[in-house]
Amino acid sequence: MFQEELLRWYKQNARKLVFRQKKEAYSIWVSEIMAQQTRIEAMLPYFERFIERYPNLKSLAQAEDDDLVKIWQGLGYYNRVRNMKRCAIQCVEQFQGQFPKTKKELCKLPGIGEYTAGAIASIAFDEKVSAVDGNVIRVFSRFYHITDDVSQMSTKKKITELVNASLTEPISDYNQALMELGALVCIPKNPRCAACPIQKECQSYAYGDADSLPVLAKKKPRRVENPTFYIWVCQDKIHLKKRSQKGLLAGLFGFDETLPEAVEEKRSLEPYTHIFSHVEWHMKGIVCFVKEKSEDFYSLSQIHDKVSIPSAFQPFLKQTEKIIKEREKCQKSL
DNA sequence: AACGCGGGGCC
DNA sequence: GGCCCAGCGTT
């Protein structure tokens, strides 16, 4: 049985991650949502800020939407944080401000699926259930040499059955150990089999083809778009428009895609290509200086403090900032 | 079952 | 330049 070796390895080699310090459902939940499709190192600074700003379900339930999105700025998949607020409200209203304590009940909450429910239930409440994420899929597909396409539901189900049959206590450590092994040793490329505590029983190691697993369906090509953004500027302020609540970067702030009415001066920006996972934006940017300031113009410090601007717009924002500052200097010297 | 949804680090 | 990450909700 590999479990004993795995648990021993975990005790020795687990990273000291901040969200492992406390066995509290709230912080486990926050870390799990943040870690969805996101590397741990990328989400750590966000985690600390988030817990400080919203220390519990109640404070999160009362959060301002704009503040929430701002604190998430740059993490991506912004619906995660909106679902977190919905989840917090539901816990406050239905469960006296606590999480329900079983995987089954957790699964019903917004933003919590099979994996996250299993992670919270096992890590925070010691329920003996699985938490099958991408790491665990990879570890098991190699360990049992599963050559089916793991993006297929049927394959995930098959692997989940194997994981369920393997569950060992302490379950909190076991589930995290599987993930940690996937994150540190059984990594996607160039797996470090020499350092693997369960190498002896690993079928792919025996075959010598661990690096060819798991088998994943080809991704379809990205769609390409060529948007032009008009950055309306009045003196030192920039116009920002809240994007539609649906689609890409929903509800975040961005630049206009229409010309303003009376343009005093135009400056073209250096084009920039932003790659999303499923879309490619070849962006053109034109700074338009306007005389009349309507609503929704923000100073650079306001933008920095309050407004959530996705990464796609940061290069144009920086360029615009530079142009504004140069222009100020110019006008002073006159 | 397939698709939409971000961003970044690593090879 | 592609891959893939402590996935979930919608269609």
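So you know, we letter chains A, B, ... as the sequences are listed, proteins then strands, and number each from 1. Side chains included, hydrogens not; waters and symmetry mates left out as well; all remaining heavy atoms used.
Atom CD of A:Gln36 is separated from atom C1' of B:dC5 by 12 Å (rounded to the nearest Å). In this entry the distance linking CZ of A:Arg243 with C1' of B:dG4 reads 14 Å, nearest Å. Between the P atom of B:dG4 and the CZ atom of A:Arg82 lies a distance of 19 Å, rounded to the nearest Å. A straight line from CG of A:Leu216 to P of B:dA2 spans 13 Å, rounded to a whole angstrom.
Where A:Glu280 and A:Gln176 each meet DNA chain C at their nearest nucleotide, the meeting point lying more 5' is that of A:Glu280. Positionally, the nearest nucleotide of DNA chain B for A:Met153 lies more toward the 5' end than for the other of A:Thr38 and A:Met153. Each of A:Pro310 and A:Lys189 was matched to the nucleotide of DNA chain B holding its nearest heavy atom; the match closer to the 5' end belongs to A:Pro310.
The shortest distance between the side-chain N/O atoms of A:His274 and the OP1/OP2 oxygens of B:dG7 is below 4.0 Å. Taking side-chain N and O atoms only, A:Arg222 has a distance below 4.0 Å to OP1 or OP2 of C:dG2. Side-chain N/O atoms of A:Lys220 include one lying less than 4.0 angstrom from OP1 or OP2 on B:dG4. In terms of phosphate contacts, A:Tyr78 brings a side-chain nitrogen or oxygen within less than 4.0 Å of OP1 or OP2 of B:dG7. When the side-chain nitrogen and oxygen atoms of A:Arg138 are compared with OP1 and OP2 of C:dC5, one or more of them lie within a distance under 4.0 Å. Proximity of A:His278 to the phosphate of B:dG4: no side-chain N or O atom is located under 4.0 Å from OP1 or OP2.
C:dA6 and B:dC3: their C1' atoms are spaced 22 Å apart (whole Å). The same atom, P, is picked in B:dG8 and in C:dC8; the two are 22 Å apart, to the nearest Å.
Within 4.0 Å of A:Tyr115, counting heavy atoms only, lies at least one base atom of the nucleic acid. Note on A:Asn135: a base of the nucleic acid sits closer than 4.0 angstrom, heavy atoms only. Across all strands, A:Gln152 comes closer than 4.0 Å only to sugar-phosphate atoms, never to a base (heavy-atom distances). Residue A:Thr116 is classed as a sugar-phosphate contact, given heavy-atom separations below 4.0 Å to backbone atoms only. Counting non-hydrogen atoms under 4.0 angstrom, A:Gly247 reaches the backbone sugars and phosphates but no base. Using a 4.0 Å heavy-atom cutoff across all strands shown, A:Leu75 reaches at least one base atom of the nucleic acid. Within 4.0 Å of A:Arg20, counting heavy atoms only, lies at least one base atom of the nucleic acid. Residue contacts for A:Tyr46: at a heavy-atom cut-off of 4.0 Å it reaches no nucleic acid atom on any strand shown. Using a 4.0 Å heavy-atom distance criterion, A:Glu180 is classed as a base contact. Using a 4.0 Å heavy-atom distance criterion, A:Leu109 is classed as a sugar-phosphate-only contact. Residue A:Arg15 is in base contact, counting any heavy-atom pair closer than 4.0 Å across all strands shown.
Distances from the side chain of A:Ser311 to the nucleotides B:dG7, C:dG7, C:dA6 place B:dG7 closest. Checked against C:dG9, C:dA6, B:dC5, the side chain of A:Asn83 finds its nearest nucleotide in C:dG9.
Under the 4.0 Å criterion applied to side-chain N and carboxylate O atoms, A:Lys23 and A:Asp126 are assigned as salt-bridge partners. Between A:Glu270 and A:Lys318 there is no salt bridge, since no side-chain nitrogen of the basic residue lies less than 4.0 Å from a carboxylate oxygen of the acidic one. Ion pairing of A:Lys101 with A:Glu127 is absent here, as no side-chain N (NZ or NE/NH1/NH2) approaches a carboxylate O to less than 4.0 Å.
With A:His239 as the fixed residue, the ring pair (Phe, Tyr, Trp, His ring centres under 6.0 Å) test singles out one of A:Phe289, A:Phe253, A:Tyr298, A:Trp232: A:Trp232.
Between the side chain of A:Ser277 and the base of B:dG6, a donor-acceptor pair under 3.5 Å is found. The base of C:dC4 is paired with the side chain of A:Arg39 by a donor and an acceptor separated by under 3.5 Å.
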* Asked: Does the salt bridge (charged side-chain N to carboxylate O under 4.0 Å, His left out) test come out yes or no for A:Lys85 and A:Asp67, once each step is laid out?
  -> CA-CA 12 Å; A:Lys85 182 180 171 185; A:Asp67 294 343; over 6 Å; no

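A:Gln36 and A:Arg80 form no side-chain donor-acceptor contact under 3.5 Å, judged by distance and modelled atom types alone.
With values rounded to the nearest 0.5 angstrom, A:Cys234 atom SG is found 10.0 Å from A:Ile324 atom CD1.
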